Colleague: 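Take this structure, written in structure tokens, and hold onto it; I'll ask about it next.
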Amino acid sequence: MMEQVENFPSFRSSMNNSSRNSTREVTFGHSGSKNVRYGSKGAADSGPFSMSQKEISDEDARLVYVDDPDRTNQRYEFSGNSIRTSKYSIITFLPRNLFEQFHRVAYIYFLIIAILNQLPQLAVFGRGVSVLPLAFVLFVTAVKDAFEDWRRYKSDKVENNRIATVMVDGRFQGKKWKDVRVGEIIKISANETLPCDIVLLSTSDPTGVAYVQTINLDGESNLKTRYAKQETQAKVPEKERFIGLIKCEKPNRNIYGFQGNMEVDGKRLSLGSSNIVLRGCELKNTNWAVGVAVYCGRETKAMLNNSGAPSKRSQLETHMNLEIIMLSVFLVTLCTVTSVCAAVWLKIHKSELDLLPYYRKLDFSEGERESYEYYGWGLEILFTFLKSVIVFQVMIPISLYISMELVRVGQAYFMSRDSRMYDAATDSRFQCRALNINEDLGQIKYVFSDKTGTLTENKMEFQCASIWGVDYSSTEPSLELGQQAECFSQVDGKVLKPKMKVKVNQELLQLSKNGFRDVEGKQIYDFFLALAACNTIVPLLVDTSDPTVKLIDYQGESPDEQALAYAAAAYGFMLIERTSGHIVIDIHEKRQRFNVLGLHEFDSDRKRMSVILGYTDDSVKLFVKGADTSMLSVIDKSLNTEILQATETHLYSYSSLGLRTLVIGMRELSVSEFDQWHFAFEAASTSLIGRAAMLRKVASNVENNLCILGATAIEDKLQKGVPESIESLRTAGIKVWVLTGDKQETAISIGYSSKLLTNHMTQIIINSNNRESCRRHLRNALVKSRQPLAASTVSNDSEGISDTIATPISLIIDGTSLVYILDSELEEELFELASRCSVVLCCRVAPLQKAGIVALVKKRTADMTLAIGDGANDVSMIQMADVGLLFYFWVALILQILNTCLFIVSLFFRYVLFTAYTVTTAINEWSSMLYSVIYTAFPTIVVGILDKDLSKRTLLKYPQLYGAGQRREAYNKKLFWVTMADTFWQSIVVFFVPLFAYWGTTVDISSIGDLWILSVVILVNLHLAMDVIRWNWVIHAVIWGSIVATIICVMVIDAIPTFSGYWAIFHAAGTGLFWLCLIGILIAALLPRFVVKYICQYYYPNDIQISREAEKFENQRVNGGGGSGSGSRQIELYPIPVGPPR
Amino acid sequence: MSSSSAAASGSADSTAARRNTKRPKYSKFTQQELPACKPILTPRAVISVFLLVSVVFVPVGVASLLASRKVVEIVHRYDAECIPPSNSSDKVAYIQNSSVDKTCNITLKVNKHMKSPIHVYYQLDNFYQNHRRYVKSRNDEQLRDSSKWDSTSGCKPEDMANGKPIVPCGLIAWSLFNDTYVFSLNNKNLTVNKKGISWKSDRDHKFGKDVFPKNFQNGSIIGGAHLNDSIPLSQQEDLIVWMRTAALPTFRKLYGKIEMDLNEGDTISVTLKNNYNTYSFSGKKKLVLSTTGWLGGKNDFLGIAYLTVGGLCFFLAMSFTIIYFVKPRQLGDPSYLSWNRNPGGH
């Protein structure tokens, strides 16, 4: 549900329940359908990525011979259509997986160590033993990878074996997806999924329109229109062989752009992104479509976007690497000390070495006198160094990597299993896509959120209309009556009903029914006609259980348009049919047909769209609908001044309610005007260069001197739980940025209703029209923000800055100002200002600006940013705060693992000092290898996964606790050194107690080694146990189980007669001294830690500690008082949906 | 990739109904709501823990101190005095000269009554039996199994002599301690029982009953004791004791047991053969007679350590009690939360 991303478009595809409410712009129809009648000759490139037509040079081009796959594939190695997302095959698995695993520097280090140990001079451990830990880690990771890959393989297989209809020898035949080749003609039926990227040739629609759903590609659920070229539309591939050549760009990842041209019948047609349908799309509302495959398999845009996602490196890992480097330095130091000491020892005993019983340099075994394993000074020192590296290698714990991996897997499992992260409406649950960013969730400081579809449900509801200066707001009580009475249309005995029901205003309904004789009625007629006609909605007829009733489903790219169309239908203007050339509207059960003479799409420059309708009586009218600012500039102000003023007043009051407003205008076009426009439009739409700009100009020319009809207001309902979530986020100290396309008033009003803004906040509003005033505003705002306690209630609206009392600052900035700020030196100032604000609300933002804003912050801060595209409800909030604490735990976890390793290394090192500086280990080599892998790492992992500081309830109650995860700097350094000191003390106790107790006794190496390993393992586990917060049975089992397992392992190892330590543990455990040592070690070693822990927790409690106590004692109080033993009696700030007990 | 979780769950629960929905199965485990105990360090608990520790540790400390004090120990260093004055300039030459008789007489005075069994140890100082080269220089297979008599891997440089494998091979066996002691009390021989001085487990399983020494100490340099070729390794207890390499550079090895009491004032004369060469590395040799308590030999360390820890815990318990009464804190009081303490600023 969440992912850290670069910009908005790219993360959409990675959200799981995007099907519910896709993230989208707060605009309507930004790349809607085309006027086909006039525009089909050269469907214009559209969208932000459009480019003017330019030649593709031959080297950069891919040549596709239509319906001639053999020739197409003859020269070029185009990939086939079979896809492979699995990385390995059975043969390549082992080498490739190993190769990938060894990308980790640490693994190479361990490999080198293992190899060193194989050299006879350096063999400290037995050969098998030394490879064991590395082999274990490699094995576990390999198994994990193999499992994941097998799943991918299975899904690939299903995909590849789907059947597509492909033209073979002049007939369409079924063919497996994997056999589809570039150049083949493919026929897609309705509701089928595209097997590869195709260029449309013809569709069932006579004008060549095809509707596709791109939900698998970018998560948008609405229909998009694609066109076949008029020249190819007429051809029927079954009858005549299609001969043509497509020249297009090389495969690339841009799913919004395509460039190419097609040579057919000697003519050259340009192809744009509206002519291509991508793999993974579904054909909707079109009976069939025929196209030619241009990109197949891994070269399709979907696959190119799918693969090679850069792996996200978690901050923790980086952080951990630092500690590992520190440890390495320490390791080198230890080894140097050892080898220097060894050298000194050798020097002192130089004369004795020949016959020293425990050294015996002389070797007569071969008959001649020679040196046994003595290679002179330099080499001896080097070997000692390398040997100590081998022994002390445990310090850099291989288990750390495997532990982190496993803990992540575990956490992801629990996240996906959390029933609070389950959404019943879409039957989807949390999915974790990148394992290694789990812990980063707890580090988020900035949240960027879209408004529509994220904070709001993206279910628009028509609320108010202002027609001809009169306000008709929908009134609640009339709800039932209105819809039942009106909303259907009968045709040929069939009843058509709009799918969505809309609240209606009775008065307006009555007026609209009463006919349209008077001026007022005429305006209402035009108003609703505009609503029904001026859009890119496609009505779809959906069957119901009752065969005589059909539902009309308005499909369109913009939910605003849908809402308006449904509203119009509710008032009796039901859009029934839309083809390229005409529309049919059922106006109060009378069917009327209008010719659509021209349609100017919405674009973000004009911020309006228009449609030119030809009436049956040959009159031509232009209807325009758009954002208020852009509309008011093109409305003829001399006409109906009062109405204009009244409408403006209404607009203001609507937007203050948080409604989204649109203004409707119209104009009757005279014959000459129409001809002039028609000529210009024709010219523009056939031009090859700068088509989009020319079309825009044509539209701007005709959209002027409008007569105002009225305004509409649409409500975008807030999602459930949004205010609570936002409030939690704010109190958690996370900076919330909301980016919306709404106008300022709407945005602020929604800000209040979503608790983004509160009355306690100082609001800084920046809306300027030029760079200079923008700069001035920013400076002023910065000054203001630096003295947040200046409690002034100065309201200075002319300056655009107003402030009220209280500390948190909210910044409200509009898109126009952002234009001047982004990509200029003002960025810096904006960032500085914004970083002082707890809330930033950007209104009127264009889609591309959104990415710009995210980039602005990402560039300047090392903090984690999170962009949410969907469903920021309280559930994800809980999880986030949860994970926030997790980081705090992670640090402790890593420290714990590092500690255990340091621990045993310091033991080894100290023992070295008592063995004439030769790296002898008292602890059995198997034990010391098992130590870091199994004895201590295992409980640490389980505790890492299962232990939680606080219950979800408490976290929700005090979202501020999230901040605990963020104050990492201070926490870490102090904790690190305190823990190191503690470890140092513990290792001293563990080492010296047995040393002194057994000094000058008959004790043998194995016995003292067993005592050491047992006390270390028990100590480490107790140490871990002291940090466990919630003891459930799993943790009990793991911690105590690990101690028992260690004891059993030690006993098993000591029961093998060929080990020199045979039966040592049984002998040692038979003496009182052993037990006294063990108990003494444990108590003495843990004593300082216990004391410090108690003093810290009791006298200097942190927030988490207090909440923990509160959690416990509140529970007890409730239980004691109420008698019923459930914890649900806790006082909550908000109710939480608790997972149903089955 | 929703199948990831679905696949994982499929094994856990395979009812058909389950597959139709992705709703996570509710269980206390997956929801991380297992009943859990959440211990909190309350002052009362902490103080009781400290008191408990001191109550246990102080008596144990006293007991072990007493036990240690009761042990009677006679330690006599003889490596210097057993070199004839004439040879004191070149001790190594003396000890290496096999033709010289190295008998040496020393007397030990019993200052306190010693209860049987009295353990006889030899103690070596500055002898690194834990040296890496030394520790590894043995072959446990060969010691155990007569069929593996020729496996001498790891035994270098004492693996072969005159082209034949050595049993037992390796530096450890080669350097077997070879001083011998004969004790007499009032001119009457004190029998030293040398049976059962090694671990039974070693005799039974580690050293073979049918493995006989072969080709031992036949090389160019003699490291220590010779072994009787007709006695199997499992009965060569001195070797078995020696092969249990000591953990520390100062160590004792059991030589035998005197199974009678020695009275205060007794004078024991020891006739020893000073064969073992510790002179080349200035190691010390000591003869030790010691009784044993329940805690082993004479060592005050543990007793003192226990008393210290116990005392410290008692002290801590007392101070925490005082602090608790002086400056208590209500546990779980939300007014201590950081954002409540200084409102306005997080």
Side-chain angles (χ1 to χ4, degrees), chain A residues 151 352 355-360 363-365 372 414 416-417 419 422 427-429 431 733 807 914-916 918-920 922 948 960 996-997 1000-1005 1008 1029-1032 1057-1058 1060 1062-1063 1067 1072-1073 1076 1080 1083-1084 1091 1094 1097-1098 1101 1103 1106 1109-1110 1112-1113 1139 1142, chain B residues 3 5 21-24 26 30-32 34 36-38 40-41 46 53 128 130-135 140-141 144 156-157 159-160 171 175 199 201 205-206 219-220 223 244-250 252-254 280-281 294-297 301-302 305 309 331-332 334 336-339 344 346:
Chain A
R151 266 190 6 226
E352 305 158 8
L355 286 177
L356 208 52
Y358 49 85
Y359 197 96
R360 246 306 285 280
D363 183 3
F364 292 97
S365 58
Y372 164 67
F414 280 115
S416 70
R417 282 302 138 115
S419 60
Y422 171 77
D427 189 30
S428 56
R429 58 188 179 202
Q431 276 180 33
T807 27
F914 291 87
T915 62
T918 56
V919 276
T920 317
K948 294 155 60 87
Q960 289 99 324
F996 288 139
T1001 63
T1002 58
V1003 72
D1004 65 305
I1005 292 189
I1008 209 166
I1029 286 133
R1030 325 187 121 230
W1031 283 93
N1032 55 41
T1058 47
S1060 53
Y1062 177 66
W1063 223 245
H1067 271 274
L1073 193 59
L1076 276 192
I1083 300 287
V1091 169
Y1094 169 69
Q1097 285 193 357
Y1098 191 70
D1103 297 339
I1106 294 170
E1109 290 165 7
K1112 177 165 179 147
F1113 290 103
R1142 304 262 269 165
Chain B
S3 50
S5 35
T21 169
K22 285 187 201 152
R23 174 179 281 281
Y26 181 86
T30 55
Q31 299 311 309
Q32 299 190 276
L34 289 175
C37 156
K38 292 164 275 177
I40 278 175
L41 297 179
V46 171
V53 169
Y128 287 88
N130 56 13
H131 196 285
R132 220 184 68 81
R133 284 171 78 112
Y134 189 80
V135 169
D140 288 297
E141 294 269 294
R144 209 174 143 249
K156 281 204 131 220
D159 55 339
M160 311 278 267
L171 280 182
S175 61
W199 293 4
S201 58
H205 303 289
K206 201 158 169 56
S220 312
R244 274 270 153 207
T245 48
L248 302 165
T250 295
R252 288 174 185 180
K253 296 268 177 204
L254 193 55
S280 60
F281 55 93
W294 63 273
L295 210 51
F301 172 76
L302 264 190
V309 171
L331 286 178
Y336 282 91
L337 289 169
S338 63
W339 55 90
H346 308 322

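Numbered from 1 within each chain, the chains take letters A, B, ... in sequence-line order. All figures in this text were calculated on a predicted structure; none of them were measured in a lab.
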Colleague: Between B:I40 and chain A, with a heavy-atom cut-off of 4.5 Å, which part of the residue counts as in contact: side chain, backbone, both or neither?
Modeller: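 Contact with chain A is through both the backbone and side chain of B:I40.
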Colleague: Quick one: OH on A:Y358 to OG on B:S175, what's the gap to the nearest 0.5 Å?
Modeller: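 OG of B:S175 is found 11.0 Å from OH of A:Y358.
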Colleague: Contact part of A:A997 toward chain B, heavy-atom cut-off under 4.5 Å: side chain, backbone, both or neither?
Modeller: both
Colleague: Where does B:A305 contact chain A at under 4.5 Å (heavy atoms): side chain, backbone, both or neither?
Modeller: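 For B:A305, there is no contact with chain A at all, as no heavy atom is under 4.5 Å.
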Colleague: So, for A:T918 and B:R132, which heavy atoms are closest and what is the spacing to 0.1 Å?
Modeller: OG1-N, 3.1 Å
Colleague: Taking salt bridge (charged side-chain N to carboxylate O under 4.0 Å, His left out) as the definition, give me every residue that meets it alongside B:R133, ordered by chain and number, with sequence neighbours left out.
Modeller: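 Once residues adjacent in sequence are excluded, B:R133 has no partner under the salt bridge (charged side-chain N to carboxylate O under 4.0 Å, His left out) criterion.
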Colleague: I'd like to know which of B:E141, B:K253, B:R144 tops the heavy-atom pair count under 4.5 Å against chain A.
Modeller: B:R144
Colleague: If I take atom CZ from residue B:R244 and atom CD1 from residue A:I1005, how far apart are they, to the nearest 0.5 angstrom?
Modeller: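 Nearest 0.5 Å value for the CZ-CD1 distance: 10.5 Å.
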Colleague: Quick check: B:F281 with A:Y359 (ring centres under 6.0 Å apart)?
Modeller: no
Colleague: Tell me, please, which residues at least two apart from A:Y1094 pass ring pair (Phe, Tyr, Trp, His ring centres under 6.0 Å).
Modeller: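 Partners of A:Y1094 under the ring pair (Phe, Tyr, Trp, His ring centres under 6.0 Å) test: A:Y1098, B:F320.
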Colleague: To the nearest 0.5 Å, tell me how far B:Y134 OH sits from A:T915 OG1.
Modeller: 14.5 Å
Colleague: With a 4.5 Å cut-off on heavy-atom pairs, point out which of B:L171, B:V309, B:L254 contacts chain A the most.
Modeller: B:L171
Colleague: Please flag which part of A:I1008 lies under 4.5 Å from any non-hydrogen atom of chain B: side chain, backbone, both or neither.
Modeller: side chain
Colleague: Heavy-atom cut-off 4.5 Å, strictly under: side chain, backbone, both or neither for A:T1001 against chain B?
Modeller: backbone
Colleague: When you measure from the side chain of B:R252 to the backbone N and O of A:T1002, does any donor-acceptor pair fall under 3.5 Å?
Modeller: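 Side chain of B:R252 to backbone of A:T1002: no pair is present.
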Colleague: Find the distance between NZ (B:K206) and CH2 (A:W1063) and round it off to the nearest 0.5 Å.
Modeller: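 One finds 12.5 Å between NZ of B:K206 and CH2 of A:W1063.
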Colleague: If every non-hydrogen atom of B:L295 is compared with every non-hydrogen atom of A:L1076, which pair is closest and at what distance?
Modeller: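 Looking at all heavy atoms of both residues, the closest pair is CD1-CD1, 3.6 Å.
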